[in-house]
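Have a look at the structure below, then the notes.
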Amino acid sequence: MTKEEVFNKISDIIVDHFDVDKAKVTNELNFKTDLNADSIDIVEFVLELEDAFGAEISDEDAEKLSTVGEAVDFIVANQKK
């Protein structure tokens, strides 16, 4: 998947999960400060990412994902070839 395809898929997950307008989803969007996501929201979001991309995201890696761009970069870097 290209970076753009990954972004679009993550964007769709964010729109569904956080009930936010798709136009507001950018690479700079911060889960905690912009979406007021608490730790449970983050865990649920990470589980959705794992399901959507067939990726394994460790708790340690999940803690490092604070923006949409970071999530996109992580998925792109860890795609199964």
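All values reported here derive from a predicted model rather than from experimental measurement.
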Closest non-hydrogen atoms of E5 and T2, given as atom of the first, atom of the second and distance, are OE1-N, 2.8 Å
Got F53 and V6 here, is their nearest side-chain heavy-atom distance under 4.5 Å?
-> yes
Under the side chain to side chain contact (heavy atoms under 4.5 Å, CB included) rule, collect the residues that match up with S39, sequence neighbours excluded.
-> none
Does NZ or CZ of K64 fall inside the cone over F74's six-membered ring, less than 6.0 Å from its centre and within 45° of the axis?
-> no
Across all chains, not counting sequence neighbours, the side chain to side chain contact (heavy atoms under 4.5 Å, CB included) partners of I42 are F31, A37, V46
What distance do E56 atom CD and L49 atom CG have between them, rounded to the nearest 0.5 Å?
-> 12.5 Å
F18 and side chain to side chain contact (heavy atoms under 4.5 Å, CB included): which partner among L35, N36, L29?
-> L35
Atom pair CD/NZ of E4 and K9 - distance to nearest 0.5 Å = 14.5 Å
Report yes if the side chains of I57 and I75 come closer than 4.5 Å at any heavy-atom pair, otherwise no.
-> yes
Check whether any side-chain heavy atom of V72 sits under 4.5 Å from a side-chain heavy atom of N27, and report yes or no.
-> yes
Hey, quick one: are M1 and L65 part of the same hydrophobic cluster, counting side-chain heavy atoms closer than 4.5 Å, chains of contacts allowed?
-> yes
Partners passing side chain to side chain contact (heavy atoms under 4.5 Å, CB included) against S58 (at least two apart in sequence or in another chain) | E60, D61
Can you pull the side chain to side chain donor-acceptor pair (under 3.5 Å) pairs that have at least one residue in residues 41-53, sequence neighbours excluded?
-> H17-E48
Hydrophobic cluster membership, L47 vs F45, 4.5 Å side-chain cutoff = no
With sequence neighbours excluded, tell me which residues meet salt bridge (Lys or Arg N to Asp or Glu O under 4.0 Å) with D73.
-> K3
Can you list every pair that meets salt bridge (Lys or Arg N to Asp or Glu O under 4.0 Å) and has a residue in residues 10-35, with sequence neighbours left out?
-> D12-K22
